[in-house]
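A short worksheet on the structure shown next.
Keep in mind that the numbers below use all heavy atoms, side chains included, and drop hydrogens, waters and symmetry copies. What you see is a predicted model, and the numbers here were worked out from it, not measured in a lab.
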Amino acid sequence: MKTVNHYHHKKILVLGLAKSGVGAASLLHKLGAFVTVNDYKPLDENPEAQSLLQQGITVICGSHPVDLLDEGFEYVVKNPGIPYSNPIVQGAIDRGLPVITEVELAYQISQAPFVAITGTNGKTTTTTLINEIFQAANKSSLIAGNIGKVSSIVAENAKKEDTIIIELSSFQLMGIEAFRPKIAILTNLYEAHIDYHGTMKEYISAKANITKNQTKEDYFIVNADQEAVMEVAAHSKATIIPFSTTNELEKGGYVKDGIIYFNEEAIISIADIVLPGAHNLENILSSIIAAKLSGIDNEAIYQVLTTFQGVAHRLQFVGEKDKRRFYNDSKATNILATTKALAAFDQPIVLLAGGLDRGNAFDELIPALTNVKAVVTFGETAEKIDAAAAHAGIKSILHANNVEDAVPLAFDLSKEGDIILLSPACASWDQYKTFEVRGDIFIEAVHKLK
């Protein structure tokens, strides 16, 4: 890692733990900072805080006392999930203190360049695809951010010859100052996280931070099919490389006669690509561009795209039983993601959906249910999704206690050639700690079918 003296003997407050907070606190301690960690979870229930205490780091747990700011901190490093309305965060801003996220620290110490990916949907698939292509080309790459390891830990161990491929949320991007990726990708923009950002304008502004420090020497890969994305691109100083799934472009990535092109060079036939779903073309195009800009040859790209079946919990093929194919899309925690998953299949679908009730209706899901023959619902939103399914004219609607119970019910409703799809359109927290847990339970239930 780079030698960084910027934080030496500075008083820094790390607000909120989880993996990123632990990584940030440990790194700052190594850099010679006087670190205080504040986490809401009580110390006796907080193994992460206990481990930091053993390193000699000051730990305050059980509440977020605003008077902490009276101790003369020079920086606040905030867990991305903590909103800016938090009294300590707001107090820090009012005092003119920089409020950053752990991603900024990772950039400051990293010897390796970054390929950074953001957007409403497709981040994880794109990040994983790019890493797979790098690996196939024998180029040293490390995954960080929302998937993989905490970015500061990855950056601490990265070498000059590595490339850090990082998935970034709008929450993380709000807390950057100097972060400058060599290649940035904005997959798409749809309404999301308004409860955190307040307005769509603020959400887009956070996403736009991915390119705010880029220069002409850097690349910004953008979705030319979306006006909002292109508006962000118009304010970037980077070299813009567009992609489109619908129009032929003079430069960039596009589809023509069933072939994917980059700058008029044919790369791969869509028919040869294993990853299902028309929506994944956006992810594939942006991944191809990132690979080509990184000097990777077509052979490595072809090798990955003809074998890569998707990331875990994102339209993940689970298996086949009695000529029914099962797919795990537990990562679909909103209506838009489920809509795209449904559009990925031409076959009749038995849909498993439901989860945390955030107060929204599911009217937007109705037009996407045309190919759904039956629905099995669970969780807090079961009745709302039942109503949407009934409105769409679906006759077979069953209710299950949970995902595990939903699988055999869905199988009983299916016939040969059908798709049985878990795509909940909701967060998991009413019944499961994470969407990963929910997806794993679905997979296990599928394998238990007699």
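Gln316 and Asp329 share no side-chain donor-acceptor pair at under 3.5 Å. Ser170 and His193 share no side-chain donor-acceptor pair at under 3.5 Å. No side-chain donor-acceptor contact under 3.5 Å links Asn371 and Asp346. The closest side-chain donor-acceptor pair between Thr339 and Glu364, if any, does not fall under 3.5 angstrom. Side-chain atoms of Thr215 and Lys237 form no donor-acceptor pair, as typed in the model, at a separation below 3.5 Å. With hydrogens and angles left out, the side-chain atoms of Glu436 and Ser330 include no donor and acceptor closer than 3.5 Å. Residues Asn131 and Ser141 have side chains that bring a donor and an acceptor to within less than 3.5 angstrom of each other. Side-chain contact of Gln108 with Glu104: a donor-acceptor pair under 3.5 Å is present, judged by distance alone. In summary, the side chains of Ser244 and Asp225 do present a donor paired with an acceptor at a separation below 3.5 Å, with no hydrogens or angles considered.
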Going through the checks in order, is the salt bridge (Lys or Arg N to Asp or Glu O under 4.0 Å) test met by Glu404 and Lys448?
CA-CA 10 Å; Glu404 185 176 15; Lys448 283 181 179 178; 3.5 Å; yes
Apply side-chain hydrogen bond (donor to acceptor under 3.5 Å, both in side chains) to Asp357 and Thr381, showing your working.
CA-CA 5 Å; Asp357 192 344; Thr381 57; over 6 Å; no
Step-by-step side-chain hydrogen bond (donor to acceptor under 3.5 Å, both in side chains) determination, Thr306 to Asp272
CA-CA 6 Å; Thr306 54; Asp272 293 334; over 6 Å; no
Under the side-chain contact (heavy atoms from CB on, under 4.5 Å) criterion, do Phe262 and Ile289 qualify, and how do the steps go?
CA-CA 7 Å; Phe262 173 67; Ile289 296 171; 3.8 Å; yes
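The side-chain hydrogen bond (donor to acceptor under 3.5 Å, both in side chains) test with Glu282 singles out one residue from Asn121, Thr126, Asn223, Thr245, and that residue is Asn223.
Using a 4.0 Å cut-off between charged side-chain N and carboxylate O, Lys19 and Glu48 make no salt bridge. Using a 4.0 Å cut-off between charged nitrogen and carboxylate oxygen, Lys292 and Glu265 count as a salt-bridge pair.
Between Tyr254 and Phe243, the ring center distance fails the sub-6.0 Å criterion. Centroid-to-centroid, the aromatic rings of Tyr196 and Tyr203 stay 6.0 Å apart or farther. Taking the centre of each ring, His313 and Phe442 stay at or above the 6.0 Å mark. Between Tyr40 and His64, the distance separating the two ring centers is shorter than 6.0 angstrom.
Residue-environment remark: CD (Gln90) exceeds the threshold of 12 foreign heavy atoms within 6.0 Å. By the 6.0 Å contact criterion, NZ on Lys321 is enclosed, its count of non-hydrogen atoms from other residues, nucleotides or ligands being greater than 12. Residue Glu383 places its CD atom among 12 or fewer non-hydrogen atoms of other residues, nucleotides or ligands, all under 6.0 Å distant. By the neighbour-count criterion of 12 heavy atoms within 6.0 Å, atom OH of Tyr432 is densely surrounded, having more than that number from other residues, nucleotides or ligands. Around CG of Asp44, the count of heavy atoms belonging to other residues, nucleotides or ligands within 6.0 Å exceeds 12.
Relative to the six-membered ring of Phe317, Arg325 meets both conditions, a distance below 6.0 Å and an angle of at most 45° to the axis. Figure legend: Arg324 and Phe411 shown as a cation-pi pair, the cationic atom lying under 6.0 angstrom from the six-membered ring centre and within 45 degrees of its axis. With a 6.0 Å cutoff to the six-membered ring centre and a 45° limit on the axis angle, Lys78 counts as a cation-pi contact of Tyr84.
Looking at heavy atoms from C-beta onward, Phe134 lies in side-chain contact with Ile296 at the 4.5 angstrom threshold.
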